[in-house]
Amino acid sequence: MVRMRSAVQSRSRAPFSLEWIGFLMGCLYDEGMSGFHYKMTPRVGDASSSFDVSDLNKEQAEAVMHTRGPLLVLAGAGSGKTKTLVYRMARLIHDGVDPKRILLLTFTRKASQEMMRRACGVLDARCQQVVGGTFHSFCNMVLHQYATQIEYQNGFTIMDRSDAENLMALIRKQGDYQKKDKRFPKKNTLLDMVSKSVNTNRSIEQVLMDDFPHFYDLTDDVLEIAKKYHIQKEALNLMDYDDLLVKMVHLLNHHPNIRQQLSKKYQYIMVDEFQDTNHIQLAMLKGLASEHQNLMVVGDDAQSIYSFRGADIQNILTFETMFDNVTTIRLSTNYRSTQPILDVSSDVINHDVNLYEKALVAARSGGEKPKLVEAFDDMEQADFVVDRLLSLREEGVSLTSMAVLFRSSSHSSQVELALTRANIPYKKYGGFKFTETAHIKDAMAYMKVMVNPDDELSWHRVLQLLDGVGPKLSQQIINYQREQQFNFSGMDYAPFKKKAAHDELLGIAALMATTNGMAPTDVLQRVLDAYQPVLKKTYDDFHKREQDLNALVALSARFRSLAAMLDEFTLEPPESSQVGADAVSDDDEHVVLSTIHSAKGLEWSRVFVLSVVDGYIPSFRSLQDPAQIEEERRLLYVAMTRAKDDLYLIKPNLDDPSAYYPMGGMSFSQLTRFISPDQVDRYFDTWSLGVGEAVGNDDPFGDDAGKKYSL
DNA sequence: TACATTAATATTTTT
DNA sequence: TATTAATGTA
């Protein structure tokens, strides 16, 4: 424990406290006197602070007290990285920095809100005013202010993945690409190619050569499609996820005055999960920090798990060489897990020689050995988990402090069934999103065209919901309406065969004409009234979907504007299980089920990792590429280091021949390659679920009552 | 040209 | 398997 207290203690209580000066500075800035105030900014921190850091260890305190210049914090798992960010935020504000001039970039909005909330606890409510969010949402906010400088119109909207795919499908269909007997990539693949090229800073040709060699001879076609795709997006006033970052960098690089303005505005930049940023995000940070270099990045190279999205681990590995005078601080005391858990985790990760060296030391003592559980199959694995959850709850461990983690969203289906049978409430994170279901997208399409009438993709969707309207007719209507500037009140052209659909469209147009300035909830309510008949006609299970839509109404209540609501639903969609009939509220006791990716940054007392089997972790998809295999290793590391008190790795035999695998009858029955037999002996208690003690015998539908286990 | 049917074909992770 | 592209039919 360290106490950093300076000689000059009562400074901040003086009439002209640093807070006050900071406030004045903020005002000056708002008046546009940026050049003037910048020099006047008080020398925050340094020796004059009386901020209490007695809660922190030496390294954490050092990071918290750091003020100027680039700072790299290498924070091992569970080393108090969030706490460090929270305290530094609070400390800067305590020492007079205007919270509105601190930029906190995190991986999810939830993470930044949580940090700001905690900072409020450490200091006071001012911390709530810090500008925080994801890279994408921050870019979205800024770009809306400067839309015209990047050749977009005001009021652009964001495409989610499926919107982007639809656009790709349109383009694909327009051209005559499906030539000869040659196979042509599908929309999904085409989008992957384009996005990969953008995110990894490679040409389309290079991407095809590296990642899609079988399509390499189609390079010209793909190039053409990519070009059309970019042009179309702009014409429709739509941005995809990548654009948000790309256009931001474009703005910073091509408009020095704006770059300067923004950099001066955000005087202190803090970035969480830096190991998962890509080259565009890095360029953006360079631009934003250009005026002051006050850039603090926090991350753990051992937890870099997003390379599939272009994340470049080199960002963190070479940060020290990319900026001048970088201060590096390593946080290596682990406050989360017990030593036995850390021992295995470290041993697993240290086989990756490319990383910064890891030496995690537990602050806690004692602890049990992790368990390696050998299950017969998928179902026994599920039964074991449920059984164990129940007995732990008996022992007084709350359900909410336990989690089940897995590589891929689909791997949890058996566990979900078993949990439902046993009546255990759970919440699932990762995988399919609520906003990706057809009926929600339908409802959102109506609102999207209201916010952005140029969004022809959404027009297509809306129009094709009408009876008798297919791709051709909807295109005709759109072509006509485009000339009318999509003026809702002027919608009278509709060469319908069916009069009912024609009237329906006019009804919708009339509705849209009246919703200007209305509260999002009210708009949505009207949209749903109009959508109701379509819903009943299209879906057999419309009742269930209706409940989802009602949930959407509930969610819409907290938004000020339609645009804000749509932006958030595409940038941070609510998790599917948080909505709907069997929704579990946050406060209720529940087990968490999560993909390992979505579990990043979180922790639980007991953690179960499902299917720690070669082919699952590492995924058989990654087996060709050594770099990808190393990423899978890190994935396992992330999973294991989520556990505070006890860790269960489960290894079922997954050789079900009825399961469908692309390579044909694959069988997975080997323990993951990341844990050797030797390591099993050294670090684990091995449990074999054998005859007699087979769990799940109470399952009335189970057929495993007489099953023989030979383990 | 809309809508239904059949054939083909790729499967993870997420802003 | 489930999703999507191609083809057939009304």
Side-chain angles (χ1 to χ4, degrees), chain A residues 105-109 111 133-140 158-162 164-166 168-169 172-173 177-178 183-190 192 195 198-199 212 214 239-246 273 276-278 280-281 304-311 405-413 429-433 435-436 438 463-464 466-476 495-498 501 538 567-573 575 594-600 611 615-623 628 631-632 634-635 638-639 658-664 666:
Chain A
L105 295 171
T106 57
F107 213 66
T108 64
R109 188 179 53 94
T134 62
F135 276 89
H136 294 267
S137 63
F138 173 68
C139 292
N140 185 43
I158 306 162
M159 286 194 280
D160 66 11
R161 174 76 193 198
S162 74
E165 282 181 0
N166 289 342
M168 207 47 111
R172 200 186 112 117
K173 234 187 312 179
Y177 297 111
Q178 185 62 47
R183 209 171 98 232
F184 199 79
K186 315 187 164 184
K187 57 179 184 182
N188 180 42
T189 314
L190 288 167
D192 273 348
S195 181
V198 172
N199 280 299
F212 303 89
H214 48 298
M239 286 204 198
D240 64 18
Y241 291 123
D242 300 337
D243 286 330
L244 290 170
L245 304 175
V246 170
E273 310 281 11
D276 284 317
T277 53
N278 63 23
I280 316 174
Q281 288 162 316
S304 174
I305 54 176
Y306 277 90
S307 72
F308 69 91
R309 211 171 77 186
L405 306 182
F406 33 87
R407 168 72 242 255
S408 156
S409 187
S410 60
H411 296 169
S412 70
S413 51
Y429 294 87
F432 261 104
K433 296 290 181 338
T435 45
E436 285 166 356
L463 291 170
Q464 287 181 36
L466 299 171
D467 220 22
V469 181
K472 273 273 151 54
L473 186 49
S474 80
Q475 189 60 61
Q476 271 181 49
F496 290 124
K497 293 174 190 132
K498 298 183 181 176
T538 333
D567 284 352
E568 180 158 331
F569 281 163
T570 51
L571 289 179
E572 320 236 9
E575 298 289 337
S594 175
T595 58
I596 298 173
H597 284 90
S598 297
K600 192 170 73 157
S611 306
Y616 276 56
I617 313 177
S619 158
F620 65 91
R621 294 271 301 141
S622 68
L623 260 30
Q628 276 191 57
E631 179 150 317
E632 301 279 315
R634 297 193 290 271
L635 212 40
V638 169
S658 71
Y660 176 82
Y661 294 110
M663 309 313 197
M666 264 197 179

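Predicted, not measured: the structure shown is a model, and the values here were computed from it. So that the names make sense, note that chain A is the first sequence line, chain B the second, and so on, each numbered from 1.
Computed from coordinates, the A/N188 CG to C/dA2 P distance equals 17 Å when rounded to whole Å. Separating the NZ atom of A/K187 from the P atom of C/dA2 is a distance of 17 Å, rounded to the nearest angstrom. Atom CZ of A/F184 is separated from atom P of B/dT9 by 15 Å (rounded to the nearest Å). Between the CD atom of A/Q475 and the P atom of B/dA2 there is a distance of 11 Å, given to the nearest Å. Per the geometry, CG belonging to A/D467 stands 17 Å off P belonging to B/dT1, to the nearest Å. In this entry the distance linking NZ of A/K600 with P of B/dT12 reads 20 Å, nearest Å. Between the NZ atom of A/K186 and the C1' atom of B/dA8 there is a distance of 7 Å, rounded to whole Å. Look at CG on A/L190: it is 14 Å from C1' on B/dA10, rounded to the nearest Å.
No salt bridge links A/D160 with A/K433; every basic N to acidic carboxylate O contact stays at or beyond 4.0 Å.
The ring pair (Phe, Tyr, Trp, His ring centres under 6.0 Å) check on A/F138 picks up A/Y266, with sequence neighbours excluded. Residues that satisfy the salt bridge (charged side-chain N to carboxylate O under 4.0 Å, His left out) test with A/R407, not counting sequence neighbours, are A/E632. Looking at residues two or more places apart in sequence or on another chain, you find a side chain to side chain contact (heavy atoms under 4.5 Å, CB included) between A/D240 and A/M159, A/Y229, A/K233, A/D242, A/D243. Among residues two or more places apart in sequence or in another chain, the side chain to side chain contact (heavy atoms under 4.5 Å, CB included) test is passed with A/S474 by A/H460, A/L463, A/Q464, A/V469. Partners of A/S304 under the side chain to side chain donor-acceptor pair (under 3.5 Å) rule, at least two apart in sequence or in another chain, do not exist in this structure.
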So which protein N/O to nucleotides 13-15 of chain B N/O distances come out below 3.5 Å?
from   : atom 1 : to     : atom 2 : distance (Å)
B/dT13 : OP1    : A/S409 : N      : 2.8
B/dT13 : O2     : A/R407 : NH2    : 2.5
B/dT13 : O2     : A/H597 : NE2    : 3.3
B/dT14 : OP1    : A/T595 : OG1    : 3.2
B/dT14 : OP1    : A/S598 : OG     : 2.9
B/dT15 : O4'    : A/R309 : NH1    : 3.3
B/dT15 : O2     : A/H136 : NE2    : 3.3

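Separating the P atom of C/dT4 from that of B/dT13 is a span of 15 Å, rounded to the nearest Å.
Of the side-chain N and O atoms in A/R172, one or more sit less than 4.0 angstrom from OP1 or OP2 of C/dA6.
Distance from the side chain of A/R621 is smallest for B/dT12 among the nucleotides B/dA10, B/dT12, C/dT4.
A/H136 and A/Y241 have perpendicular rings, their planes meeting at more than 60° on a 0 to 90° scale where under 30° would count as parallel.
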